[in-house]
Colleague: 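Here's a structure for you.
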Amino acid sequence: MATDAGNPIPRFPAGFLWGVSTSAHQIEGAAGEREPSVWDAFTAGPGRVKDGSTAEVACDHYHRYREDVALLAGLGVDAYRFSISWPRVNSPGGLDFYDRLVDELCAAGVRPVPTLFHWDLPAALDWLERDTASRFAEYVSVVAERLGDRVTKWITLNEPAEHTLLGHALGVHAPGRKLLFDALPVAHHQLLAHGLAVRALRAAGASDIGIANSHGPTWPASKESADTEAADFYDVLLNRLFAEPLILGEYPSGLGELMPGDVTADLKVISEPIDWYGVNYYAPTKVGAPQGTEIEFGGITMPAELPFSVRDVEGRPVTDFGWPIVPEGLTELLTGFRDRYGDRLPPIVITENGCSYEGIDDQDRIAYLDGHVRALHRAVEAGVDVRGYFVWSLLDNFEWAEGYARRFGLVHVDYSTLERTPKASYGWFRELLRAQR
Ligand code: FCB
């Protein structure tokens, strides 16, 4: 991979927000001190998580948050993106934990940026039910009332696309449903929940609200129409289905007709203006015509009925997870968004970007991040309004169906002792932040 190593990373605009991200289920542990989520129920089933692990202890961040905030302060980030566990807020003392965490962050000079939903739905709820969107807004109001005096930047949802696709269409994430296109109501109800949450946050006085959606360029496997059509379809699902209702107030490609309820009225709620748009970027996807057989891709079984097939991005190095490393895909994605949505595109924040590698002297991660930060700067030079960049992740953590086998952290976690050890990439990011001041 070309890294420009040796040349300093160009300066980002004044006020650019540098941070790192985590999520509650992946780091908190202390599962016995909250009500169960769909992830606890899913993980309990056989063969769901590759290494057979659970998130019961994870990084034990719930008990070690002070140490983790000290790591953030040592890193010198402006902001910390974490998520609030709805099941914990529903449990006695749960909101007190986030109150303490936010106080600790503020005292350390790190701006708290909570995500209100990062996949750990209370086990008693179901996104197939419209009412879950209203319940979400009620929970958001409770959190905003309690933390809104210190939290000034909010994220409604994390990657509703993955939660719909992996959790409800393909069944490899919680709650483990394999509904294929019957999962579309899950998309609509999350989007509705987002819009209702924006309203609830505004009512509580919040003024800096975004979402974290996953995106990546979709590359057709060839110029043949069967491949380009399949790639366009995939692009609608990944890049447009969760962006256009928010940004344009409409569903792409007639998908609105497949959604439940009064879709026209709901789109007014869903398109409630946001202040910025969060993008989680990891890699592009190559997509071709269906191959008529089940396909194993990145640990995910894709059934033969899907109207597309995901292929390898060839000729690229890959991370330990097997994800191709394509920094310029980030520039392509952001300039493509700007070209497609023009002035209607809110300012962009990269809410996740990172890679899975073993080891504490993680030069590969440094090369990955270096390449992506430079690619992001090229998008800025091309005129895209980008306001921030968050590395996934502060700590190695519970990587969903992959368990603890994938290490995304700038800080290594020894899962037997829970000892934290900053990796080489932690030092690299700290120096980058210093140079940007
Ligand atoms: C994203 C998720 C995040 C983490 C990274 C690797 O899809 O939002 O929780 O698992 O991938």
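Counting convention: from 1, in listed order, for ligands and their atoms alike. Heavy-atom basis, side chains included; hydrogens, waters and symmetry copies ignored.
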Colleague: Considering only non-hydrogen protein atoms, determine which one is nearest to atom 5 (C) of ligand 1 and report residue, atom name and distance to 0.1 Å.
Modeller: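 So the nearest neighbour among protein heavy atoms is Tyr282 OH, 3.3 Å.
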Colleague: Looking only at heavy atoms, is any part of Glu162 under 4.0 Å from ligand 1, and if so is it the side chain, the backbone, or both, or is it neither?
Modeller: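 Within the 4.0 Å criterion, Glu162 makes no contact with ligand 1.
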Colleague: Is the closest heavy atom of Glu399 to ligand 1 under 4.0 Å?
Modeller: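 Yes, Glu399 has a heavy atom closer than 4.0 Å to ligand 1.
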Colleague: For Phe408, take its heavy atoms, then give the atoms of ligand 1 lying under 4.0 Å from any of them.
Modeller: 6 (C)
Colleague: Does the cation-pi check pass for Arg406 over Phe321, that is, NZ or CZ under 6.0 Å from the six-membered ring centre and within 45° of its axis?
Modeller: yes
Colleague: Number the atoms of ligand 1 from 1 as they appear, then name those within less than 4.0 Å of a heavy atom of Trp400, with their elements.
Modeller: 3 (C), 4 (C), 9 (O), 10 (O)
Colleague: One thing to verify: whether Arg34 and Glu28 come together as a salt bridge, which I'm taking to mean a side-chain N less than 4.0 angstrom from a carboxylate O.
Modeller: no
Colleague: Identify the closest protein heavy atom to atom 7 (O) of ligand 1: which residue and atom is it, and at what distance?
Modeller: Glu159 OE1, 2.6 Å
Colleague: Could you name each residue pair satisfying salt bridge (Lys or Arg N to Asp or Glu O under 4.0 Å) that touches residues 294-309, not counting sequence neighbours?
Modeller: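 Every candidate salt bridge (Lys or Arg N to Asp or Glu O under 4.0 Å) pair involving residues 294-309 fails, so no pair, neighbours aside, qualifies.
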Colleague: What is the closest protein heavy atom to atom 3 (C) of ligand 1, and at what distance does it sit?
Modeller: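 For atom 3 (C) of ligand 1, the nearest protein heavy atom is Glu352 OE1, 3.5 Å.
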Colleague: Report yes if Asn158 has an N/O atom closer than 3.5 Å to an N/O atom of ligand 1; otherwise report no.
Modeller: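 Yes - when backbone and side-chain N and O of Asn158 are compared with those of ligand 1, one distance drops under 3.5 Å.
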Colleague: Report yes if some heavy atom in the side chain of Ile247 is under 4.5 Å from a heavy atom in the side chain of Leu345; otherwise report no.
Modeller: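 Of all side-chain heavy-atom pairs linking Leu345 with Ile247, at least one is under 4.5 Å.
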Colleague: Tell me, do His377 and Phe12 make a side-chain contact under 4.5 Å, heavy atoms counted?
Modeller: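 Yes - at least one pair of side-chain heavy atoms lies under 4.5 Å apart.
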Colleague: Any carboxylate oxygen within less than 4.0 angstrom of a Lys/Arg side-chain nitrogen, looking at Asp96 and Arg146?
Modeller: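 Salt bridge: yes.
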Colleague: I need the full list of side chain to side chain donor-acceptor pair (under 3.5 Å) pairs touching residues 191-200, with sequence neighbours left out, sorted by first then second residue.
Modeller: Thr156-His194, Arg199-Glu272
Colleague: So for His118, does at least one of its heavy atoms come nearer than 4.0 angstrom to any atom of ligand 1?
Modeller: yes
